[in-house]
Amino acid sequence: MELQRVSNITIEKFVCDYVKENRPVIVVDAIERWKSKHVWSPEYFSDNFGGSPVQVYDDLFSLQTVTSLDQYFDEHWYNNGKSNKEQIPYVRWYAKFKPVDFWWSDEAFMALSPFWSLPYFLPASEYLLPYCPREKTVTPAIHAFPGKGLFISAAGARTRLHKDPWASDAILCQVFGEKNVVMYHPDKESGLKAGNRVVDIDNPDGEVFARFHEIEPDFIDVLRCGEIIYIPAGWFHHVTSRSNSISLTWNFVLMSRWASFLQYLLTPVSEEDRTVIKYFASMDDSK
Ligand SMILES: O=C(O)CCC(=O)C(=O)O
């Protein structure tokens, strides 16, 4: 089943029909309002950030190495699938989300900030993560958000099935290329997870995930260039780059989601996740 696609949706309707209902959706007409097509290209990225060190991951969230963006482009992007690697590396170039020095993408985000803005259907205020009370406003184009990053991937690179941390929702803006997206409702977690392992849907281990073949995805779709997908908390998603691809992404928790966020905080939260939550729990304009 394909995801619902909407356009010209008000913030109120988006929050009421999708955030509160925990329902994924694709918004087709937000990126076109940015009027900044020229910056979302490998040429622009190479000219402006080619020498920058970027974080290169495996097909989940294990950091493999740090290289320059141009080196990633040369080895994987312009190689047209000639790389023999079974697993195509993936640049997840995150902005700072915890208080440690690292090769974050904050400078690149600062340079890109004139060219995009908070998508028109998202609230500018009343967030728990990053903390933003009613009298202030926040935008991922400028401010820190958990999981905010530039995702740069060669054709075939994938992000294996997972659900996002911090009981947070995610936004994925497809600014270059296309991605296949497969999604499973949070209720299906028991058949998709075994301990800390999540099934690899492209290559399921039948012994560990014995019930997996009985579980149907709720959505299978293609996220096209110019589209934005909203991934609500708890939804499992598996994303594969159909072509070379650039996406902008970030996570958030709206105040309207306080009950599920509180419930999550009452579960055993890992030290790593706790550090991130603490980092975003106060609104500090220097971030
Ligand atoms: O685009 C991808 O490869 C994965 C995106 C994702 O998992 C997310 O936004 O949470």
Side-chain angles (χ1 to χ4, degrees), residues 3 18-19 22-27 30-31 40 42 45 54-64 72 76-77 87-95 97 105 109 116 119 122 129 140 144-186 189 192-193 198-202 217-254 257 264 272-273 276 280:
L3 285 143
Y18 299 101
V19 178
N22 215 42
R23 199 143 60 108
V25 67
I26 289 178
V27 182
I31 291 178
W40 309 119
F45 271 50
V54 295
Q55 308 144 35
V56 182
Y57 286 79
D58 65 356
D59 58 11
L60 213 44
F61 298 101
S62 284
L63 184 66
Q64 303 296 297
Y72 180 81
H76 303 290
W77 186 289
Q87 200 183 91
I88 300 167
Y90 197 128
V91 171
R92 298 190 178 88
W93 195 13
Y94 288 109
F97 63 81
S105 56
F109 267 111
W116 67 293
L122 289 172
L129 281 188
F145 273 67
K148 176 171 137 180
L150 294 162
F151 279 16
I152 300 166
S153 48
R158 53 188 200 137
T159 303
R160 265 171 38 207
L161 194 69
H162 67 285
K163 69 172 177 179
D164 282 7
W166 321 303
S168 63
D169 297 348
I171 287 289
L172 186 70
C173 307
Q174 191 59 25
V175 291
F176 184 91
E178 293 187 337
K179 283 174 163 170
N180 288 330
V181 180
V182 182
M183 296 185 75
Y184 295 85
H185 189 275
E189 175 159 348
L192 303 171
K193 266 187 95 175
V198 179
V199 64
D200 178 353
I201 65 170
D202 288 342
D218 293 84
F219 300 108
I220 300 179
D221 210 328
V222 176
L223 184 68
R224 299 192 181 84
C225 185
E227 295 184 331
I228 297 182
I229 185 170
Y230 164 65
I231 304 171
W235 278 79
F236 283 80
H237 46 290
H238 176 106
V239 181
T240 308
S241 306
R242 288 165 67 88
S243 62
N244 291 335
S245 160
I246 304 176
S247 317
L248 271 173
T249 183
W250 62 95
N251 288 61
F252 60 89
V253 179
L254 280 165
R257 292 276 217 169
Y264 157 75
E272 173 80 10
D273 287 352
V276 177
F280 289 99

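Start at 1 and go down the list; that is how both ligands and their atoms are numbered. Side-chain atoms are counted along with the backbone in the values below, which use heavy atoms only and exclude waters and symmetry mates. Not measured: the values here are computed from a predicted model.
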Starting from [atom], what is the nearest protein heavy atom, named by residue and atom, and what distance separates them?
atom: atom 4 (C) of ligand 1; result: Thr159 OG1, 3.4 Å
atom: atom 2 (C) of ligand 1; result: Tyr90 OH, 3.2 Å
atom: atom 10 (O) of ligand 1; result: Asp164 OD2, 2.8 Å
atom: atom 1 (O) of ligand 1; result: Lys179 NZ, 2.7 Å
atom: atom 9 (O) of ligand 1; result: Thr249 OG1, 3.3 Å
atom: atom 8 (C) of ligand 1; result: His237 NE2, 3.5 Å

Note: Asp200-Arg158 ion pair, threshold 4.0 Å (strictly below):
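Here Asp200 pairs with Arg158 in a salt bridge, since their nearest N and O are under 4.0 Å apart.
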Spell out, as yes or no, whether a donor-acceptor pair under 3.5 Å connects the side chain of Gln64 to the backbone of Ser62.
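Flag set: sc Gln64 to bb Ser62 pair under 3.5 Å.
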I'd like to know if the side chain of His162 and the backbone of Arg160 have a donor-acceptor N/O pair within less than 3.5 Å.
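Confirmed, His162 side chain pairs with Arg160 backbone.
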Does Ser247 reach ligand 1 with a nitrogen or oxygen that is under 3.5 Å from one of the ligand's nitrogen or oxygen atoms?
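N/O-N/O distance below 3.5 Å does not exist for this pair.
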Looking only at distance, does His162 have an N or O less than 3.5 Å from an N or O of ligand 1?
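So ligand 1 has an N or O lying under 3.5 Å from an N or O of His162.
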Show me which atoms of ligand 1 lie under 4.0 Å from any heavy atom of Val239.
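Within the 4.0 Å cut-off of Val239, ligand 1 contributes 1 (O), 2 (C), 3 (O), 4 (C).
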For the residue pair [X] and [Y], what are the closest heavy atoms and their distance?
X: Phe280; Y: Pro146; answer: CZ-N, 3.4 Å
X: Met183; Y: Ile229; answer: SD-CD1, 4.0 Å
X: Ser105; Y: Trp93; answer: OG-O, 3.0 Å

Under a 4.0 Å heavy-atom limit, does Arg158 contact ligand 1 with its side chain, its backbone, both, or neither?
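The answer is neither; Arg158 stays 4.0 Å or more away.
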Residue that, paired with Phe176, satisfies ring-ring contact (aromatic ring centres under 6.0 Å, His included) out of Phe151, Trp77, Phe45
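That would be Trp77; it is the only one of Phe151, Trp77, Phe45 passing the ring-ring contact (aromatic ring centres under 6.0 Å, His included) with Phe176.
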